[in-house]
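Everything below concerns the one structure shown next.
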Amino acid sequence: MIYLDNAATSFPKPVEVYSEVLRCMETYAANPGRGSHDMAVEASFKIMDTRQELSELFNIPNLLDIIFTCNATQSLNIGIKGILKPGDHVISTTIEHNSVLRPLNYLSKKGVTFTLINVDENGYLNINNLKKEIRKTTKLIIVNHASNVLGTIQDIRTIGKIAKDAGIIFMVDAAQSAGVIPLDVLNDNIDILAFPGHKGLYGPQGTGGLYIKDTIELDSFIQGGTGSESSSMEQPIFLPDRFESGTLNTPGIAGLCVGIRFIRKVGIENIRKHENILVEYLLKELCKLSYVKIYGGCDYKNRGSVVSLTLDNVDVSEVGDFLNKKGIAVRTGFHCAPLIHQIIGTRRKGTVRISPGYFNTLEDIEELVIALNDIHEKRPFL
């Protein structure tokens, strides 16, 4: 199988990730922070080691400001719903994932208002348009760093500076960039950072995290056992315990820890360079095919490892099915980001999304292009 669906979840993972998950399950998968025996202590150390790895990767001053979640969706919900109250105003964009759009829609029925800034056909946000929408009641700006539909990379450093100067909380959805594109919460002025563990960080599914700046006050998302202040019925107010009730996914977090160490060993710049080479080659080859329409433009320098396309006179689902039979895995449809499809003109059909990863090769891209040409030639019979 040629796997080109890394925007959904990365595959394969580094072999060390599989080994550490299994080692954890076999030797120390006890409750972290809940016991004084050796297994519980080792589990606690592994959890703390992973926080340390994340803090160094994202330049987070205090590793205890990182909480573990199931995925980026849960992280975004904790951040969005924990910060906003009736009367608050939010600024976001039309290129956001439903993990942002749906919580905002939910909160709009409870007195929160939001403005979605349009992006251009290549997915880029106009900074001046964002500035114009700032109100006295604007409490939060939330932007995805890299689009899961077009690969567009937003200028989060500039947006973060605007938010800081205006006294507005800045939240970044790093679902497509964490582990692949450098992130620095201090220099980018990020107050809240939501990220998955199972994509660019090479952790198992069921892992994710949320960085909350120590000056930001979020409502508690869940209450329960934390292993701390257990004699009290009140939820601890300090991080990370305030948001980490119940047993953590220790095997998953152990795998995540190793995934991050793999990134640091290889170098995030080298991972980014390799994925850029693949995307550049893919775009150049696709531009030779008159029957392929590429969305998001052909610029590969300011783009994540995502390319969306359609084929003339072939439904995207048929393209996906044909490729699957050829042993090539891609994603088809709307990719849980409905509004951007209205802008790029794919509201009724969606796109075929190609998302190469670090473990893909130029040969994989060649096989994909050959398969797309095969689909075009056989389209009357599909």
Side-chain angles (χ1 to χ4, degrees), residues 1-12 95 120-124 146-153 176-177 180-181 199-200 269-335 337 340-341 343-346 349-382:
M1 173 66 74
I2 296 175
Y3 186 83
L4 294 169
D5 192 21
N6 290 276
T9 194
S10 59
F11 181 86
I95 202 172
D120 64 24
E121 63 180 6
N122 291 333
Y124 290 101
S147 167
N148 71 313
V149 177
L150 301 180
T152 307
I153 300 173
Q176 297 300 327
S177 61
V180 180
I181 303 170
K199 298 186 183 186
E269 299 82 4
N270 292 323
I271 292 173
R272 175 81 173 129
K273 180 180 178 181
H274 178 74
E275 292 191 358
N276 264 356
I277 289 170
L278 297 178
V279 171
E280 177 185 4
Y281 182 67
L282 173 60
L283 288 170
K284 287 182 177 178
E285 291 301 305
L286 291 177
C287 285
K288 299 175 184 177
L289 308 178
S290 61
Y291 54 85
V292 172
K293 181 171 178 56
I294 303 167
Y295 300 91
C298 292
D299 182 14
Y300 60 88
K301 294 180 180 179
N302 190 37
R303 188 189 202 122
S305 190
V306 173
V307 176
S308 271
L309 58 87
T310 55
L311 272 64
D312 289 347
N313 303 315
V314 186
D315 187 84
V316 297
S317 62
E318 293 177 326
V319 175
D321 183 59
F322 186 92
L323 291 176
N324 183 56
K325 291 174 181 176
K326 287 282 190 178
I328 302 173
V330 300
R331 171 88 179 263
T332 63
F334 299 98
H335 321 302
I340 187 60
H341 289 278
I343 295 172
I344 64 176
T346 55
K349 56 187 178 181
T351 63
V352 178
R353 186 181 71 185
I354 316 298
S355 51
Y358 179 72
F359 293 103
N360 286 116
T361 64
L362 290 173
E363 288 73 22
D364 292 340
I365 304 302
E366 290 174 354
E367 289 296 320
L368 169 69
V369 174
I370 291 170
L372 291 175
N373 189 60
D374 199 13
I375 294 172
H376 173 67
E377 292 178 351
K378 295 179 177 178
R379 69 188 185 285
F381 309 103
L382 290 176

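In this chain, numbering begins with 1 at the start of the sequence shown. These numbers were taken from a predicted model, which means no experiment stands behind them.
- Counting only heavy atoms from C-beta outward, the side chains of Asp364 and Pro356 never approach each other to under 4.5 Å.
- Heavy atoms only, all atoms of each residue included: Ala337 and Asn148 are closest at CB-OD1, 3.9 Å.
- Using a 4.5 Å cut-off on side-chain heavy atoms (C-beta onward), Asn373 and Tyr291 make contact.
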Next item on the list: Given side-chain contact (heavy atoms from CB on, under 4.5 Å), test Ile340 with Tyr295 step by step and report yes or no.
Entry: CA-CA 11 Å; Ile340 187 60; Tyr295 300 91; over 6 Å; no
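- Note that CZ of Arg303 is 9.5 Å distant from CD1 of Ile153, once rounded to the nearest 0.5 Å.
- Separating the CD1 atom in Ile344 from the CG atom in Asp120 is a distance of 11.5 Å, to the nearest 0.5 Å.
- Shortest non-hydrogen contact noted between Leu278 and Gly357 is CD1-O, 3.5 Å.
- Asn360 places a side-chain heavy atom less than 4.5 Å from the side chain of Asn6.
- Shortest non-hydrogen contact noted between Asn122 and Gly297 is OD1-N, 3.1 Å.
- Contact check for Asn324 versus Met1: side-chain heavy atoms found under the 4.5 Å cut-off.
- For Asp5, the salt bridge (Lys or Arg N to Asp or Glu O under 4.0 Å) criterion is met by Arg353, not counting sequence neighbours.
- Closest approach of Val149 and Val306 over heavy atoms only: O-CG1, 3.5 Å.
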Margin query: Go through it in stages, so that I can follow the logic: the residues are Glu269 and Arg272, the test is salt bridge (charged side-chain N to carboxylate O under 4.0 Å, His left out), and I'd like the CA-CA distance, side-chain angles, deciding distance and then a yes or no.
Written below: CA-CA 5 Å; Glu269 299 82 4; Arg272 175 81 173 129; over 6 Å; no
Next item on the list: Could you please spell out the steps behind the side-chain contact (heavy atoms from CB on, under 4.5 Å) verdict for Asp374 and Lys326?
Entry: CA-CA 10 Å; Asp374 199 13; Lys326 287 282 190 178; 3.1 Å; yes
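- Shown here is Phe359, whose CZ atom has more than 12 heavy atoms of other residues, nucleotides or ligands within 6.0 Å.
- The shortest non-hydrogen separation linking Gly320 to Val330 is CA-CG2, 4.3 Å.
- Residue Ile354 holds its CD1 atom at 8.5 Å from CD1 of Ile328, rounded to the nearest 0.5 Å.
- Looking at Leu372 and Leu311, their side chains come closer than 4.5 Å, going by heavy atoms from C-beta outward.
- When only modelled atom types and interatomic distance are considered, Tyr3 and Ser10 share no side-chain donor-acceptor pair under 3.5 Å.
- Qualifying side chain to side chain contact (heavy atoms under 4.5 Å, CB included) partners for Asp315, counting only residues two or more places apart in sequence or in other chains: Ser317, Glu318.
- Between His341 and His335, the ring planes are tilted. Angles from 30° to 60° get that label.
- Taking OG of Ser308 as the reference point, atom CD1 of Ile294 lies at 10.5 Å (rounded to 0.5 Å).
- Using a 4.5 Å heavy-atom threshold, the side chains of Thr310 and Lys349 count as touching.
- Side-chain contact between Leu323 and Ile375: present, with at least one pair of heavy atoms (C-beta onward) separated by less than 4.5 Å.
- Checking side-chain atoms of Ser355 against main-chain N and O of Leu4 turns up a donor-acceptor pair under 3.5 Å.
- Glu275 places a side-chain heavy atom less than 4.5 Å from the side chain of Val180.
- For Glu280 and Lys284, the salt-bridge test passes: some basic side-chain N is under 4.0 Å from an acidic carboxylate O.
- The only option from Leu282, Val352, Thr351 that meets the side-chain contact (heavy atoms from CB on, under 4.5 Å) definition with Val307 turns out to be Leu282.
- Contact between Ile2 and Glu367 at its shortest, heavy atoms only, is CD1-CB, 3.6 Å.
- The number of heavy-atom neighbours closer than 6.0 Å to CD of Glu366, taken from other residues, nucleotides and ligands shown, is above 12.
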